Structures are given as C-alpha cells and as structure tokens.
Amino acid sequence: LADAGVKAEELDLVIVATATPDYPFPSTACQVQDRIGAKHAGAFDLAAGCSGFVYGLSVASQMVASGLYQKILVIGAETLSRITDWTDRNTCVLFGDGAGAAVVGRVEEGLGVLALELGSDGSGAMELYQPAGGSRRPASHETIDEHGHFIRMNGREVFKFAARTMPATCKRVLAKAGLKVQDVDILFPHQANLRIIDNAVKHLKIDPDKVWVNIEKYGNTSAACIPVCLVEAQQEGRLHKGDVVLAVAFGTGLNWASIVLKWAK
C-alpha cells in the first residue's frame, strides 16, 4: 500500500490467493481487511493454488476495467510448511513460505493488462492435492495416521503437464496481445522447478537474461511466487514504465494462468 501510495480506506476489495488459509472459514481476506483497516472493502479468498495470484490479477483487472471498482489489493500468500510432509522426500525439498501483494487500479491508456488466459484440466486433479481435511475426508485418527493432511504430488505427471502448458499459454496470450516473444522485456515464470523454466525458455526461444529466477532462494511458494518475483525485480531496477511483462503459472487443479501487461509504475 505504501509503495502504491494508496491508503487502506481507499481499497474497494481485498483478494487473497492462497491454498493455506488460516481457517476453512472465515476467509483470510476478511482478516486482512480488518487488520489493515480497509473498512470500505469487500474481501474474499481465491483458491487456484500456484496460479492463484495471476487468477487474482485477472479478476481484479476486469473489475477495474469495467468501472465497478477503482482500487483492489491482490495478495498471494502461503505457509506451505504447515502442510508439508517432512518424511516425503518427493515434496518436502520443493516448497517454501512467502507472501507478496499488488494494488490494481486505473492506469494511463496503453499501459496495464494487455491480455490474459486462464485454463484448467481437472482430469489431473489428483496429481497434486491434499487428500484430507475437506468435507470429503474430514479429520480423523485415520487421516492423520495416513499423513492425509499433507501435500501429495505425482511429480512426473505434474512436470509433463507444466512442460507442455507453460510455453503454449505464453504463446497464446502474447498472440492475444498482438505481440511476439521478442517483444517481452521480462518473463516471470512460476518458480516450481528449474528444469521446467529452462524447458519454457528453450521452447519460447526467449533470451535467458529476460527470465526472472529466484527458486534457489525460496523454493516453490505457490501463489506467492509471482508477486515475490515482481517485487524483487522492481527493487533491483529491472522494471521500467512501458516494459512488456509476461507472467505465467501452473498448479493444482490442474490449472494454468498467463498475463501480459505493460508496466505502469
């Protein structure tokens, strides 16, 4: 809020993208709304896993574009350490905790969101999921003994899905914006796996120097990945007004999301 020069009372809406809310209900967004003093804002959580922040940006940008709201706070926040099985070496070395946020509002003509794409393939839902704790399998001695409240992932299938999906959605969303890969100034890929990022770079034929990577610092922080990348890039002077920014994520669902924008700050 300070970075955007916006007061909490000016916010119309708070969206928190998370797979690890404090409670099943109330929403984490309502708690945030209260604690920051956004007394005029609505609030809701958005469950799209690792793609959550880009999904949140998509929702917020359309609400602003329609004139419904003026200023929306979009947050990606995760505490994946709380649902990580430390005895499962297939997953426990991958994930991290993190949070990032952005204020979405009106900008000058030609800047802001140029195109976006959201997609899903629910046939792969059980390749990355948390088996217990929901209404289908509520907590019990059995679910606890089975480690059912932790992340379960079929790494091989998720890798294949991501390797196929990330380059394809990037190409489609750029086409929607009337742009080519060469026009991109900086790419923010979901920080899940370096091989997946390298695969996307190879298929997109994008200059590796234009690709932001920080997975070695934080691991996969799910919905927090993209906003953390954005903040780091801004703080390090890599983002300039008018830059073409491409962000892409994939995750549980299975789903994906990509967005192209011209940086307005």
Side-chain angles (χ1 to χ4, degrees), residues 1-4 6-66 68-84 95-105 113 116 118 120 122 125 128-139 143 148-152 190 220-228 230-231 247 249-257 259:
L1 290 172
D3 183 60
V6 173
K7 296 179 180 179
E9 309 91 80
E10 298 178 68
L11 294 174
D12 299 303
L13 184 65
V14 176
I15 302 173
V16 174
T18 184
T20 53
D22 287 359
Y23 310 101
F25 60 90
S27 71
T28 300
C30 278
Q31 297 173 78
V32 172
Q33 174 269 333
D34 175 60
R35 292 179 68 172
I36 65 175
K39 56 187 178 181
H40 302 300
F44 66 86
D45 286 358
L46 190 155
C50 299
S51 301
F53 184 76
V54 182
Y55 266 73
L57 285 184
S58 300
V59 172
S61 67
Q62 296 308 297
M63 285 185 166
V64 170
S66 71
L68 179 64
Y69 290 138
Q70 298 299 311
K71 294 180 176 65
I72 300 175
L73 180 63
V74 182
I75 303 167
E78 301 287 12
T79 49
L80 294 174
S81 59
R82 306 294 179 88
I83 60 169
T84 295
F95 298 103
D97 298 340
V103 176
V104 178
V113 176
L116 56 90
L118 309 179
S120 64
L128 177 56
Y129 74 122
Q130 184 179 342
S135 59
R136 176 167 290 192
R137 294 199 70 201
T143 63
H149 298 267
F150 298 130
I151 298 167
R152 294 268 182 87
H190 177 50
N220 180 355
T221 57
S222 187
C225 280
I226 299 297
V228 168
L230 285 168
V231 171
F250 64 91
T252 181
L254 296 167
N255 66 28
W256 65 88
I259 191 166

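Residues take their numbers from the sequence shown, with the count starting at 1. Keep in mind that this is a model prediction, so the values were computed, not measured.
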Run the side-chain contact (heavy atoms from CB on, under 4.5 Å) check on Val59 and Leu46 step by step: do they pass? CA-CA 10 Å; Val59 172; Leu46 190 155; 4.2 Å; yes
Report the C-alpha separation of Phe44 and Val16 in whole Å, then their side-chain angles, then the decisive distance to 0.1 Å, and conclude whether the side-chain contact (heavy atoms from CB on, under 4.5 Å) test is met. CA-CA 7 Å; Phe44 66 86; Val16 174; over 6 Å; no
Applying side-chain contact (heavy atoms from CB on, under 4.5 Å) to Cys50 and Asn220, what does each step give before you reach the verdict? CA-CA 9 Å; Cys50 299; Asn220 180 355; 4.0 Å; yes
Verdict with reasoning, Phe150 to Thr84, per side-chain contact (heavy atoms from CB on, under 4.5 Å): CA-CA 5 Å; Phe150 298 130; Thr84 295; 5.7 Å; no
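Legend: residues meeting side chain to side chain contact (heavy atoms under 4.5 Å, CB included) with Gln62, ordered by chain and number and at least two apart, are Leu116. Asp3 is linked by a side chain to side chain contact (heavy atoms under 4.5 Å, CB included) to Gln234, Lys265, counting only residues two or more places apart in sequence or in another chain.
A pairwise comparison of heavy atoms in Ala99 and Ala224 identifies N-CB, 3.6 Å as the closest pair. The nearest pair of heavy atoms linking Gln33 to Ala41 is CG-O, 3.9 Å. Shortest non-hydrogen contact noted between His190 and Phe250 is CD2-O, 3.5 Å. Leu13 approaches Ala43 most closely through the heavy-atom pair CD1-N, 3.9 Å. The two residues Tyr55 and Trp256 make their nearest non-hydrogen contact at CE1-O, 3.5 Å. Between Pro227 and Ala101, the shortest heavy-atom distance links the atoms CB-N, 4.0 Å.
Rounded to the nearest 0.5 angstrom, Ile15 CD1 and Met63 CE are separated by 6.0 Å. To the nearest 0.5 angstrom, Glu9 atom CD is 9.5 Å from Ile36 atom CD1. One finds the CG atom of Asp45 at 4.5 Å from the OG atom of Ser27 (value rounded to the nearest 0.5 Å). Rounding to the nearest 0.5 Å gives a distance of 4.5 Å between CD1 of Ile83 and CD of Gln130. Here the CG atom belonging to Leu230 is positioned 6.0 Å from the CZ atom belonging to Phe53, to the nearest 0.5 angstrom. Atoms CD1 and OG, from Ile259 and Ser51 in turn, are 12.0 Å apart once rounded to the nearest 0.5 Å.
Looking at heavy atoms from C-beta onward, His40 lies out of side-chain contact with Leu11 at the 4.5 angstrom threshold. You'll find the side chain of Val64 stays beyond 4.5 Å of the side chain of Asp12, heavy atoms only. Residues Thr143 and His149 are in side-chain contact: their nearest non-hydrogen atoms beyond the backbone lie under 4.5 Å apart. By the 4.5 Å heavy-atom criterion applied to side chains, Gln31 and Asp22 are counted as neighbours. Side-chain atoms of Ile151 and Phe95, non-hydrogen and from C-beta on, do get closer than 4.5 Å to each other.
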Cut-off 3.5 Å, no hydrogens considered: what does the side-chain donor-acceptor table look like for residues 68-81, sequence neighbours left out?
{"residue": "Glu78", "atom": "OE1", "partner": "Thr18", "partner atom": "OG1", "Å": "3.1"}
{"residue": "Glu78", "atom": "OE1", "partner": "Ala19", "partner atom": "N", "Å": "2.9"}
{"residue": "Glu78", "atom": "OE1", "partner": "Thr20", "partner atom": "N", "Å": "3.2"}
{"residue": "Glu78", "atom": "OE1", "partner": "Thr20", "partner atom": "OG1", "Å": "2.8"}
{"residue": "Glu78", "atom": "OE2", "partner": "Ala19", "partner atom": "N", "Å": "3.0"}
{"residue": "Glu78", "atom": "OE2", "partner": "Ser222", "partner atom": "OG", "Å": "3.0"}
{"residue": "Ser81", "atom": "OG", "partner": "Asp97", "partner atom": "OD1", "Å": "3.3"}
{"residue": "Ser81", "atom": "OG", "partner": "Asp97", "partner atom": "OD2", "Å": "2.7"}

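Side-chain atoms of Asn255 come within 3.5 Å of backbone atoms of Ala48 as a donor-acceptor pair (strictly under, hydrogens ignored).
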